[in-house]
Amino acid sequence: MSSDRRKPFPFDVFEPQWQAYWEENATFRVANPGEPGFDPSRPKYYVLDMFPYPSGAGLHVGHPEGYTATDIIGRFKRMNGYNVLHPMGWDSFGLPAEQYAIKTGQHPAVTTAQNVARFKAQLKKIGFGYDWSREIATSDPDYYQWTQWIFLKLYNTWFNPATHKAEPIATYTGPDPDHVRLAYVSEAPVNWCPELGTVLANEEVIDGKSEVGGFPVERRPMRQWMLRITAFAQRLIDELEGLDWPTSIKLLQQNWIGRSEGAEVHFKLADGEQQLTVFTTRPDTLFGATYMVVAPEHRIVDQITTEEQWPQVREYREKTARKSDLERTELAKEKSGVFTGAYAINPVNGEKIPIWVADYVLLGYGTGAIMAVPAHDERDFEFATKFGLPINVVVQAPGKSAEESRGFCEHGTAINSGFLDGLPTAEAKAKMGAWLEERRLGKLSINFKLRDWLFSRQRYWGEPFPIVWENGQHRAISESELPLTPPDLADFKPTGTPEPPLSKATDWVRYSETATRELNTMPQWAGSCWYYLRYCDPTNRERFVSEAAERYWMGGGKPGGVDLYVGGTEHAVLHLLYARFWHKVLFDLGYVSTPEPFQRLVNQGLIMGEDGQKMSKSRGNVVNPDDVIAEYGADALRLYEMFMGPLEQSKPWSMTGVEGVSRFLARVWRLVMQENQAGEWEMGPLSAEAALDKSQLRVVHATIKKVGEDIEALSFNTAIAQMMVYVNTFTGITPRPVTALRTLLILLNPFAPHLTEELWMRLGSKFAGFERLAADQPWPKYDAALLVEDEIEVPIQVNGKVRDRLVVSKDADKSTLEAAALASPKVQEFTSGKEIKKIVVVPGKLVNIVAV
RNA sequence: GCCGAUGUGGCGAAAUGGCAGACGCACCGGACUUAAAAUCCGUUGGGAUUCACCUCCCGUGCCGGUUCGAGUCCGGCCAUCGGCACCA
């Protein structure tokens with residue numbers, strides 16, 4: 001890289017100067033309601049980036065893509081008279097810092113601070129207009145004090161099914177509040193990862209391996225903190241509706257929550273008083289249930305398995321327990337299972353049907369037991385075929401015989417089903433539901449795939465729980481004891497057992513004579529669940545956010561508070577779902593004023609390497625923004641990131657493309673400046689008097705219109721293309737009309753803030769109308785009257801093919817156009833000998849003559 | 001298997017149902033220069049015809065439909081990418 005090569009414009013000189021200016025003058029600082037400098041007459045605009053985890057690797061060119069987009073929007077809104085909240089911070093708790101600490105013995109707080117400093121310096125070099133006075137870090141005690149405070153709210157809150165809302169636990173009148181808290185303790189089997197020395201959420205396990213590091217994960221029962229997100233499942237689906245999110249992301253969340261309508265059905269066991277409850281989406285097929293299956297881990301297996309079958313059942317259970325999730329899915333091709341020896345009675349026809357154990361039934365979904373209808377369910381069919389169980393057809397496919405309907409899993413007509421016979425599936429479901437309910441054999445019900453959120457981690461570098469244990473009971477510590485800081489540890493190594501590293505700090509663990517502290521820490525998701533609220537009032541010591549600040553920045557009459565949220569698709573489900581959940585709890589409790597956190601969501605696409613592959617160290621195709629800035633400048637980096645293509649699309653990096661936009665910026669520079677004999681830059685031939693001709697005026701106003709509209713639509717690439725047209729229009733003109741330059745600098749300012757401020761200042765030294773900063777100017781207005789051309793070229797088509805073009809007045813009416821078209825010799829050539837059937841005239845657009 | 005997104009020149013891309021390829025890259029040609037770089041101007045989807053101008057034909061993954069007119073709308077397929085995946 002020839003960084004000492006002569007620069008096409010001196011960005012290396014003026015970019016750092018402007019960055020320093022913005023910092024010294026706090027140009028992008030925005031005041032809160034009640035603070036000096038706050039202008040209540042302006043509307044608010046809250047534009048947010050997904051804050052980064054400050055890794056040791058520094059920024060790569062993927063980061064600035066979304067950040068540049070929000071920066072352009074923020075600066076644009078500011079020029080349009082908004083109070084713009086555009087903050088940045090750090091998701092700074094997390095596993096990599098802790099693993100680095102284990103390797104090197106350096107405290108995670110130290111490495112985190114270093115990484116944050118590096119990230120911040122890199123971001124500043126790109127010239128983003130963040131309000132740095134609002135910077136936050138989730139690992140900062142002033143911040144996580146409130147993360148812990150929100151946890152206490154969750155702990156002291158329950159979901160009232162009657163009001164469909166979260167309410168203070170005091171309103172719960174049942175026997176044991178511990179059973180309904182939104183934060184509760186569970187002994188359920190969890191994903192234990194020995195390598196990482198921690199348990200993981202279901203969402204952090206991919207194909208039986210940890211998402212971080214790809215280590216094997218096994219299931220074992222442990223005492224864990226859970227958050228009752230499932231209580232909000234329905235609302236998390238319903239309240240997506242009012243949000244301006246991509247439909248694909250809404251669908252992703254809906255599928256993740258996985259609502260299905262069906263029925264619970266109670267099956268009495270053939271022997272004894274017990275019953276087995278199943279969930280089914282097809283209660284209409286109950287007459288076809290020929291056997292039942294329970295998950296191997298299901299508690300009832302111990303009670304119902306006959307002595308004769310016990311050895312086989314036990315062996316099967318042990319085998320499936322040993323299998324990791326990965327093996328379980330890998331072996332899914334072949335169904336397996338064992339008969340328990342027990343039978344149940346089908347409530348609808350009194351038939352005795354066998355109960356099997358099989359790992360294709362999952363303990364965590366529904367009731368962990370199913371009724372098998374092999375004729376109309378693929379999995380049951382496969383299983384029944386393998387083990388020779390009966391297959392009874394009870395739904396007839398449209399246009400097929402009963403025998404042909406075997407294996408038909410869609411909606412049809414009930415047959416062989418007693419009182420349901422002849423009913424279409426939907427009606428049969430409803431009738432069966434009523435029938436079951438009448439006899440107390442079951443009821444229609446709704447099930448969700450979503451599970452409660454496993455909220456504890458056996459880690460050091462995370463928020464400690466504000467909980468102590470006494471006599472086997474948990475209780476919350478007082479809010480006045482927050483923040484609860486983790487102890488200073490010298491040894492961060494996992495204990496090798498599920499005992500968390502905090503257990504090593506014996507003094508810290510001992511809370512009182514009789515009480516000890518909770519040893520788990522919160523997952524990384526916790527801090528990012530509410531950071532957008534803290535930005536509104538980041539230094540408040542009395543409250544997580546003041547009411548006034550929250551109401552102003554998060555309000556606005558829409559369901560979501562943040563006006564625009566930009567980030568990667570990788571957070572489409574987890575982060576966005578968790579944050580919505582917390583927000584709803586805070587909303588129900590009256591702490592925030594909207595039911596949703598994020599009104600408009602946009603996912604930026606991945607930036608690939610020049611080879612079209614995903615950027616990765618191992619491929620050696622990673623582009624470092626620092627190198628790009630050194631060679632082409634921050635403005636070129638920003639502009640290229642936006643010029644590559646639509647924001648949402650993934651696209652490959654191209655250094656020659658960067659060179660292209662860099663050339664464009666150099667042309668802008670040379671519109672104002674020129675090189676003298678000595679090779680120094682001086683102002684070129686400019687004229688404050690020169691008037692623009694009609695076509696130049698049209699370009700100016702068309703550009704004002706297009707750039708403004710395109711920024712609103714986040715179509716930055718076409719906005720830049722239009723500004724290139726603008727520059728090309730004026731490049732050949734001497735002297736350059738200053739008025740046209742002035743407009744250009746304002747339009748280009750959000751994209752290339754350094755260059756435009758520099759030229760703005762230089763022009764201001766010689767011409768009037770360049771007060772303050774370019775960034776302080778109001779966004780220009782366009783005159784629609786100047787956009788229309790007097791004479792337009794209209795294509796004349798014959799049978800849909802362009803045969804001629806005529807220049808006519810823009811107001812030419814239908815008959816004029818028609819006559820002109822028919823008079824065209826070219827048209828006559830193509831219509832001669834044919835009959836003109838029809839003439840389509842769209843005034844101002846085209847003429848199409850249909851001739852046969 | 002299910003859900004979603006995408007498919008347009010050599011490349012990144014653009015186009016309220018109305019002139020496909022704006023803008024940029026790359027290539028080629030010209031000007032400037034002793035020369036090169038930089039800069040400025042111009043050409044460039046494919047094919048046929050022509051000395052040339054002109055002109056014509058084909059062309060937005062594939063097949064079909066709606067329409068005076070389809071990259072755009074509808075139906076069916078194919079490919080690539082992303083997500084979910086025994087969810088009863």
Side-chain angles (χ1 to χ4, degrees), chain A residues 5-6 8 206-207 246-252 254-256 258-260 262 278-282 285 293 328-329 331-333 335 358-362 364-373 376-380 382-383 409 447-451 569-570 572-573 603 605-606 608 612 614 639-640 643-646 648-661 663-664 666-667 670 675 715 717-728 731-732 793-805 826 829 837-842 844-851:
Chain A
R5 193 186 63 197
R6 178 142 172 68
I206 294 169
D207 289 337
T247 29
S248 61
I249 300 295
K250 289 188 181 182
L251 269 167
L252 228 53
Q254 278 168 19
N255 293 341
W256 189 266
R259 180 186 201 271
S260 46
V278 302
F279 173 74
T280 175
T281 53
R282 293 294 298 268
T285 62
V293 184
R328 227 160 132 160
T329 34
L331 298 172
K333 285 151 200 150
K335 291 269 179 298
D359 66 0
Y360 82 92
V361 170
L362 309 172
Y365 183 77
T367 62
I370 63 158
M371 64 176 213
V373 184
H376 307 291
D377 181 282
E378 254 178 70
R379 299 149 300 181
D380 297 345
E382 209 183 305
F383 191 83
C409 305
N447 223 300
F448 294 96
K449 218 159 80 178
L450 184 72
R451 323 247 180 107
T569 340
E570 66 271 23
V573 180
N603 293 117
L606 270 184
M608 310 294 203
K614 218 170 175 171
L639 207 65
Y640 177 65
F643 189 60
M644 292 174 80
E648 291 96 327
Q649 237 169 65
S650 71
K651 51 237 158 189
W653 187 265
S654 154
M655 273 306 176
T656 54
V658 182
E659 225 166 293
V661 295
R663 272 206 282 269
F664 163 70
R667 282 160 78 101
R670 289 195 310 268
E675 233 172 333
S715 301
N717 53 334
T718 50
I720 295 167
Q722 180 63 34
M723 288 189 280
M724 287 172 166
V725 171
Y726 191 119
V727 170
N728 292 346
T731 292
E793 197 186 61
V794 175
I796 311 299
Q797 301 180 334
V798 177
N799 293 331
K801 288 188 171 146
V802 181
R803 296 304 181 185
D804 200 4
R805 297 188 170 89
K826 296 282 306 182
E829 192 185 313
K837 286 269 191 196
K838 187 175 177 182
I839 302 178
V840 181
V841 183
V842 185
K845 277 284 180 194
L846 57 40
V847 179
N848 188 15
I849 297 163
V850 186

Side chain of [X] (C-beta onward), nearest among [options]:
X       : options                : value
T280(A) : A22(B), A88(B), C41(B) : A88(B)
L252(A) : C68(B), G83(B), A88(B) : G83(B)
K449(A) : C86(B), G18(B), C84(B) : C84(B)
P652(A) : C84(B), G12(B), C40(B) : G12(B)

What distance, rounded to whole Å, do you find between the two [atom1] atoms, one in [N] and one in [M]?
N      : M      : atom1 : value
G61(B) : G71(B) : P     : 10 Å
C23(B) : A38(B) : C1'   : 22 Å
A79(B) : C25(B) : C1'   : 27 Å
G10(B) : C28(B) : C1'   : 13 Å
C58(B) : U49(B) : C1'   : 15 Å
U44(B) : U34(B) : C1'   : 32 Å
G64(B) : U55(B) : C1'   : 33 Å
U50(B) : U67(B) : P     : 41 Å

Verify the contact: side-chain N or O of [X] to OP1 or OP2 of [N], cut-off strictly under 4.0 Å; return yes or no.
X       : N      : result
N717(A) : A14(B) : yes
K826(A) : C56(B) : yes
K838(A) : C68(B) : yes
R670(A) : C40(B) : yes
R803(A) : C57(B) : yes
N728(A) : G24(B) : yes

Describe the nucleic acid contact of [X] in one word from base, sugar-phosphate, nothing, applying a heavy-atom distance below 4.0 Å.
X       : result
K614(A) : nothing
R259(A) : nothing
N255(A) : sugar-phosphate
P646(A) : sugar-phosphate
T718(A) : sugar-phosphate
Q797(A) : base
G366(A) : nothing
S260(A) : sugar-phosphate

Seminar exercise, completed: When K801(A) and Q722(A) are each assigned the nearest nucleotide of RNA chain B, the 5'-most assignment goes to Q722(A)

Problem set entry | Nearest-nucleotide comparison on RNA chain B, the residue closer to the 5′ end among Q649(A) and A369(A) | Q649(A)

Rounded distance in Å - [atom1] ([X]) to [atom2] ([N]):
X       : N      : atom1 : atom2 : value
L846(A) : A70(B) : CG    : C1'   : 14 Å
M724(A) : A13(B) : CE    : P     : 15 Å
R667(A) : C40(B) : CZ    : C1'   : 8 Å
L362(A) : C86(B) : CG    : P     : 7 Å
K651(A) : C25(B) : NZ    : P     : 19 Å
I720(A) : A22(B) : CD1   : P     : 17 Å

With a 3.5 angstrom cut-off on both distances, give the Watson-Crick or G-U wobble partner of [N], or none if there isn't one.
N      : answer
U55(B) : A48(B)
U8(B)  : none
C2(B)  : G83(B)

Exercise. Going by distance alone, is a donor N or O of one side chain under 3.5 Å from an acceptor N or O of the other, for R259(A) and N447(A)?
Worked result: no

For this session: Give a yes-or-no answer on whether the side chains of T731(A) and Y726(A) include a donor-acceptor pair shorter than 3.5 Å.
Result: no

Report, one pair per line, the protein and nucleotides 26-33 of chain B atoms (nitrogen or oxygen only) whose separation is under 3.5 Å.
unit_1	atom_1	unit_2	atom_2	d
A26(B)	OP2	R663(A)	NH2	3.0

Exercise. Is the base of G76(B) syn or anti, if syn means a glycosidic angle within 90° of 0?
Worked result: anti

Exercise. Does NZ or CZ of K335(A) come closer than 6.0 Å to the centre of the six-membered ring of F383(A), within 45° of the ring's axis?
Worked result: no

Exercise. Ignoring hydrogens and geometry, is there a side-chain-to-backbone donor-acceptor pair from Y365(A) to F448(A) under 3.5 Å?
Worked result: no

Exercise. Is the backbone N or O of E675(A) less than 3.5 Å from a side-chain atom of R670(A), with the two atoms forming a donor-acceptor pair by type?
Worked result: no

